[in-house]
Amino acid sequence: MLTTKQRELLMFIHERIKESGVSPSFDEMKEALDLASKSGIHRLITALEERGFIRRLAHRARALEVIKLPDQATTAAPPKGRQAFVPQVVEGTKPAPASKVIQEDGRELPLLGKIAAGVPIEAMGQERDRIRVPDIFVGSGEHYLLEVEGDSMINAGILDGDYVIIKKSDSAQSGEIVVALVDGDTATLKRLRKKGASIALEAANPAYKTRIYNNDEVAVQGKLVGLMRRYH
């Protein structure tokens with residue numbers, strides 16, 4: 001079953017391809033659905049692709065193909081210019097209330113780059129993108145996203161390619177999973193253990209050794225509060 005926004009986007013793409021032979025741009029989709037950013041369009045397209053309604057065509061710009069339409073959808077009038085698109089449905093159907101669509105709730109967080117779940121590789125960089133995160137994943141305070149690279153935290157349920165939601169903080173309790181900056185220039189995602197005057201950065205994979213540092217060699221940059229995963 002599609003959400004209201006997923007249905008609107010699918011029908012907008014379908015009508016635009018039927019009209020011009022070319023799928024609409026991300027900017028046109030964003031304006032048609034009245035979304036604040038293109039990251040919302042990316043998520044909707046991914047959801048439609050995963051459900052088998054569309055597919056991306058390789059080696060072609062703006063290449064989307066509509067494979068099927070919802071059973072209850074009827075052909076909508078072709079959009080004119082960049083006006084918002086309103087799909088038609090068979091009488092008696094009821095779209096899901098907007099309050100139920102998690103994709104359009106929440107707050108946009110900055111994606112700061114990749115974080116190593118393995119041997120430390122690099123410090124966090126500048127903001128690369130912004131991604132909308134549902135409210136249930138974030139609370140008060142400043143938050144940001146990092147893309148996980150590596151497999152040292154797999155036994156904690158954190159996989160290569162996941163997006164971790166980090167609450168900015170310069171301190172953490174022993175046992176919490178943190179973003180740790182080592183020697184001021186390399187960042188890693190590990191479980192922090194306090195051992196007297198030392199700090200242990202503990203992996204969740206027996207293939208990796210726990211690394212011990214002096215207190216002044218490790219700076220906490222934030223604490224793990226959530227995780228988002230995309231299935232390909």
Side-chain angles (χ1 to χ4, degrees), residues 3 5-6 26 37-52 56 101-182 185-193 199-211 218-232:
T3 66
K5 288 294 184 184
Q6 289 167 0
F26 275 63
S37 71
K38 288 187 284 188
S39 61
I41 295 297
H42 282 284
R43 288 191 296 276
L44 291 171
I45 286 177
T46 298
L48 289 171
E49 189 177 21
E50 290 172 348
R51 288 163 174 76
R56 305 175 204 241
V101 184
I102 293 178
Q103 290 93 330
E104 302 311 318
D105 295 337
R107 166 190 345 171
E108 284 195 345
L109 300 182
L111 174 63
L112 299 185
K114 293 185 177 181
I115 183 74
V119 179
I121 53 171
E122 64 180 72
M124 291 175 292
Q126 299 296 317
E127 178 180 325
R128 300 185 182 181
D129 199 358
R130 297 189 72 84
I131 297 176
R132 187 172 294 276
V133 174
D135 289 325
I136 58 172
F137 288 107
V138 293
S140 60
E142 186 176 349
H143 295 71
Y144 56 87
L145 290 165
L146 293 168
E147 183 180 357
V148 174
E149 185 167 85
D151 62 357
S152 75
M153 298 302 289
I154 56 174
N155 289 346
I158 303 170
L159 309 182
D160 183 67
D162 286 348
Y163 290 92
V164 286
I165 304 165
I166 305 296
K167 181 176 182 179
K168 191 173 182 180
S169 176
D170 59 5
S171 63
Q173 298 294 317
S174 185
E176 290 185 307
I177 296 176
V178 304
V179 173
L181 191 64
V182 181
D185 64 357
T186 54
T188 187
L189 185 72
K190 291 290 182 293
R191 193 177 300 278
L192 181 143
R193 300 286 186 189
I199 290 179
L201 297 181
E202 182 180 282
N205 182 337
Y208 292 83
K209 294 181 180 179
T210 296
R211 295 174 178 266
V218 176
V220 173
Q221 302 284 286
K223 300 188 291 187
L224 176 71
V225 297
L227 180 146
M228 299 173 67
R229 178 171 299 152
R230 176 180 176 179
Y231 290 92
H232 297 279

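This structure is a prediction, so every number in the text was calculated from the model and none was measured.
Once rounded to the nearest 0.5 Å, the distance linking NZ of K5 with CD1 of I41 reads 8.5 Å. Taken from CD in Q221 to CG in L189, the straight-line distance is 12.5 Å, to the nearest 0.5 Å.
At least one side-chain heavy atom of I166 sits under 4.5 Å from a side-chain heavy atom of Y144. Counting heavy atoms from C-beta outward, L159 and V148 have side chains that stay 4.5 Å or more apart. Within the 4.5 Å cutoff, side-chain heavy atoms of D160 are placed close to those of E149. Contact of the I165 side chain with the L109 side chain is registered, since non-hydrogen atoms from C-beta on lie closer than 4.5 Å. Proximity of L112 to L145: side-chain heavy atoms (C-beta onward) are nowhere separated by under 4.5 Å. The shortest side-chain heavy-atom distance between I177 and I158 falls under the 4.5 Å cut-off. Inter-residue side-chain proximity for L201 and V182 is flagged as met; some heavy-atom pair is nearer than 4.5 Å. Looking at R107 and H143, their side chains come closer than 4.5 Å, going by heavy atoms from C-beta outward.
Residues that satisfy the salt bridge (charged side-chain N to carboxylate O under 4.0 Å, His left out) test with E202, not counting sequence neighbours, are R193.
Nearest heavy atoms, P206 versus N155: CD-ND2, 3.5 Å. Between P110 and R130 the shortest heavy-atom distance is CB-NH1, 3.8 Å. For the residue pair T210 and A200, the shortest heavy atom distance occurs at CG2-CB, 3.8 Å. Residue A204 comes nearest to A156 through the heavy atom pair CB-N, 3.7 Å, listed as atom of the first residue, atom of the second, then distance.
Between the N205 side chain and the M153 main chain, no donor and acceptor come within less than 3.5 Å of each other. Of the possible polar contacts, none joining the R229 side chain to the D162 backbone as a donor-acceptor pair under 3.5 Å is found. A donor-acceptor contact shorter than 3.5 Å is absent between the side chain of T188 and the backbone of A180.
Listed by first and then second residue, the side chain to side chain donor-acceptor pair (under 3.5 Å) pairs that reach into residues 163-179 come to none, sequence neighbours excluded.
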List the steps and the verdict of side-chain contact (heavy atoms from CB on, under 4.5 Å) for H42 and I131.
CA-CA 10 Å; H42 282 284; I131 297 176; over 6 Å; no

